[in-house]
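Lettering follows sequence order; numbering is per chain, from 1. Atom set for the values below is all heavy atoms of this structure, side chains included, hydrogens, waters and symmetry mates excluded.
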Protein chains: 2
Amino acid sequence: MAKAPQNAISPTRADDYPEWYQQVIKAADLAEVSPVRGCMVIKPWGWSIWENMQSVLDGMFKETGHENAYFPLFIPMSYLEKEAEHVEGFAKECAVVTHHRLEPGPNGGLVPAGKLDEPLIVRPTSETIIGAMYAKWVQSYRDLPILINQWANVVRWELRTRMFLRTAEFLWQEGHTAHATAEEAIAETRQMLEVYADFAENYMAMPVIKGEKTSWERFPGATMTLSIEAMMQDRKALQAGTSHFLGQNFSKAQEIKFQSQEGTEEYAWTTSWGVSTRLVGGLIMTHSDDDGLICPPRLAPKHIVLLPIYRTDEERATVLAYVDQLSAELKGVQYHGAPVRVLVDDRDIRGGEKTWQHIKKGVPLRAEIGPRDVAGGSVFLARRDQSPKEKQGVPKDQLVATITTLLDEIQTNLFERAKKLRDDNSRTIDKLEDLIAYFTPQNEERPEIHGGFAYCHCADDKAVEEELKKLKLTVRCIPVEGDDEPGPCIFTGQPTQRRAVIAKAY
Amino acid sequence: MAKAPQNAISPTRADDYPEWYQQVIKAADLAEVSPVRGCMVIKPWGWSIWENMQSVLDGMFKETGHENAYFPLFIPMSYLEKEAEHVEGFAKECAVVTHHRLEPGPNGGLVPAGKLDEPLIVRPTSETIIGAMYAKWVQSYRDLPILINQWANVVRWELRTRMFLRTAEFLWQEGHTAHATAEEAIAETRQMLEVYADFAENYMAMPVIKGEKTSWERFPGATMTLSIEAMMQDRKALQAGTSHFLGQNFSKAQEIKFQSQEGTEEYAWTTSWGVSTRLVGGLIMTHSDDDGLICPPRLAPKHIVLLPIYRTDEERATVLAYVDQLSAELKGVQYHGAPVRVLVDDRDIRGGEKTWQHIKKGVPLRAEIGPRDVAGGSVFLARRDQSPKEKQGVPKDQLVATITTLLDEIQTNLFERAKKLRDDNSRTIDKLEDLIAYFTPQNEERPEIHGGFAYCHCADDKAVEEELKKLKLTVRCIPVEGDDEPGPCIFTGQPTQRRAVIAKAY
């Protein structure tokens, strides 16, 4: 194991992208399947990425005037039933609590007992329970807007799960707001889409397309659903965040009424918006390579790992003193408002294996430091966004002086790479046969090479949904940016105002 | 409502302490009962206190070498059954998931469908599921210790609930560690008790007694349970945090085995420790008065509220400019490593009502600022730990220069007050008749005046447990500090080494 492998991850992306993804998660020690069907364990390194995501997003939500609160895990079944489309959307994947204790059974062991009068649903999302509270809190226009977010776990009983991307239990934030006017609620919906796009691009280094969903891709019960969509390295789209304008659908179901400034009784206009631990999956699939995870510096658990190298006790003392000094100096540097996160790895394992562990874990910078580096006042530095072989001697003081620039360079480089991949695999398509060809793999052994994003005219119509389903394609969104460009639907010929993005999707 | 009421909270503590507690929560807008049995909604002001608690505790856990991770919400029933005492302890209060979807029922409406092969328990605590993962992760002594914490929601189906103190769903952190030796695990158990005591006393300003539980008060499955115990203003004890040495009980049930340095196969020694949203209840009951919440500055959502007062538009402009300037100056001051948290309340409601809202919410400092204060370069300052009538003019620059000292004074004052209450209501008792008298209310109309903490010799014996039950008393703990003081059990005469604390308890 001391010998550097050809590639740390097997299979490679080209060989088997889905399996490569699982292996990256394993090699970086991010998460693990649990004995509970569809549920995962998020391990410390993976959790640390999520924690960093939470911290940034939480700051952005507060910056835009939102407060955090917490609502119950359970939703009475009757609440879910109040909004017809909503319950239709979630009924098939609900964890249902029916009993409230365990009793010794007739054949030994325990059996559920204490049957509940009304079953409780483990929240798949919280519109209905939060709406019920808002109905109590809102009487007058003076009580509006309500701008609340919650960090929570939710459960959707998915049949096919994949770590981070689709798990029965997942962690997320869900914002729920209520407003006096439709305009204000729509502005909120759009604002939160911008917040998500800002986060995805500037922290995750993951370029996204902001757009609106077609009617059939909307959140169950929503009037308008906006999303950010990113391209993964297998050219498939990942929906990375959604922001919903719920109109008065939920406020009517939940009776969120208020007296307007003019004295009339009105229903509130509500929104909801969320991102989840799925983002960690998006981060992995956007940047990682055949040697493992590559973590964008803005969200990395550690920015740099210092790897002392020595043979004798005497060398050890010299090298460690130097490393500790460097660590202290680096921690004294502020990177975007917080100290540089430094890891000193002095574990007693072989140097090659140790270095590879940090490559697989995606630490942005690695500095190997041996007696010769100490003598020369330098470090042997490697960037995770470059080949493992590209290392160079850098004076220690220069590293301290330039580390924030280096980290920002890596951050930008990752974004630019991902953007290039997306742009290189996006096309404007106007004929159905071209669309079909675009998504037909050229090479049977590499089925992931199948086009990417196709910009097409596409009517918001049931017939189109059916056609796409046959082709195993989806409309990701109708991008909100850019001018209108009218044209006939590629499937039905109906006139449309803007192009939509068609892709295979997670 | 503009007239200052005699007391903002009705009933007062003396009139009806339990109801006073509910009314403080309502008046400070901390939380609300939800339509889901036994579950509460934590509102933004209450959440902000919990968020501050989380942030401090999380820092303390990391400082002591722990990492965060996340484990599944659900526990297969068979896992719970593996540790006999453990399942015995929790079987009576489990939320049980038995189905994974909803279907249209025969009489309209929905019914649970998709019955699970094995019921899942919504975690009441996570020893069993986390232990199952540790069993996979631990092979060699080199894999130890594992020092992990998780922030999570848990569910215990309590029959009688009270906001923050006892709710069916609550939020907490649960630390779970595994070690190679009993000594190391015991040291961890003690260390975390110290962390909790430090947090309770220095952040919550809540004095606590650190001690060990009797065998019958232990966590189900634990070998030793340590706790911190605080006295509330009704002289009842609140268990505020627990740290358990689990011996090899769970590692044997879960097969957490490792190869020792000597090559033998050993079971790991494990611990678990937790504090919950119950702490918010403890904070409320320790400090608040008949005018509402009093929040210790170290955990207060806001440190100071600035209340501009004006009549004309011209006055408004002058006062607001002054207030904004002061706000910026105060935010520039660091209080224990973070900027002072300033709230400017310029809502268009009557001044008296507005002031009382902030009194009820427990903001440590209030500054009223009218045209005369502007002219004099001062503010009219009031401290929440003093009577609402005690206000004084303070030069603005002096406020900025001394606000951290003022906040620390309030923090210390709250701690000292609470400590005095506890010390004034603690006694050493050696005769059973004195113990009974001590806990017998002197006045039927004020049943809460009933003694407090009694330090008695008390054998760790079933017979003692029964006697205490009859008296509606509990052994809170055997304090770990101070020298041994042998003496005969107040109930049985058996010899004991140290005194225990007896009290009525939440």
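Between chain A and the options N68(B), V97(B), V36(B), the largest number of non-hydrogen pairs under 4.5 Å is found for N68(B). Taking chain A as the reference chain and counting heavy-atom pairs below 4.5 Å, the highest number among F90(B), W50(B), F71(B) is found for F71(B). Your options are R347(A), E103(A), E51(A), R142(A), and the one with the most heavy-atom pairs under 4.5 Å with chain B is E51(A). Most heavy-atom pairs under 4.5 Å with chain A, from the set P35(B), A132(B), P119(B): that is P35(B). Per-residue counts of heavy-atom pairs under 4.5 Å with chain B were compared for M40(A), M133(A), E93(A); the largest is that of M133(A). Of the listed residues (H99(B), E118(B), H100(B)), the one with the most heavy-atom contacts under 4.5 Å to chain A is H100(B). Of the listed residues R37(B), K136(B), K43(B), K92(B), the one with more heavy-atom pairs under 4.5 angstrom with chain A than any other is K43(B).
The CG atom of N153(A) sits 4.0 Å away from the OH atom of Y70(B) when rounded to the nearest 0.5 Å. Note that the SG atom of C39(B) and the CG atom of L120(A) stand 7.5 Å from one another [nearest 0.5 Å].
Ring pair F74(B)/W157(A) is tilted by interplanar angle, where 30° to 60° counts as tilted.
Residue Q150(B): no heavy atom, backbone or side chain, is found under 4.5 Å from chain A. Heavy atoms of W137(B) lying under 4.5 Å from chain A belong exclusively to its side chain. Only the backbone of D348(B) comes within contact range of chain A, with heavy atoms under 4.5 Å apart. When heavy atoms are compared at a cutoff of 4.5 Å, I130(A) does not approach chain B at all. Interface remark: K62(A) contributes side-chain atoms only to the contact with chain B (heavy atom separation under 4.5 Å). With a 4.5 angstrom heavy-atom cutoff, P72(A) touches chain B via backbone and side-chain atoms both.
Q334(B) CD: more than 12 foreign heavy atoms inside a 6.0 Å radius. Within 6.0 Å of NZ in K82(A) there are more than 12 heavy atoms belonging to other residues, nucleotides or ligands.
W47(B) is not listed as a side-chain neighbour of I148(A), based on a closest heavy-atom distance of 4.5 Å or more.
E81(A) contributes no side-chain N or O that, together with a main-chain N or O of G109(B), makes up a donor-acceptor pair within less than 3.5 Å. With hydrogens and angles disregarded, a donor-acceptor distance shorter than 3.5 Å links the side chain of E169(A) to the backbone of L73(B).
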Inset, instruction - Could you check L80(B) against L102(A) for side chain to side chain contact (heavy atoms under 4.5 Å, CB included), going step by step and ending with a plain yes or no? - result: CA-CA 11 Å; L80(B) 213 59; L102(A) 298 171; 4.2 Å; yes

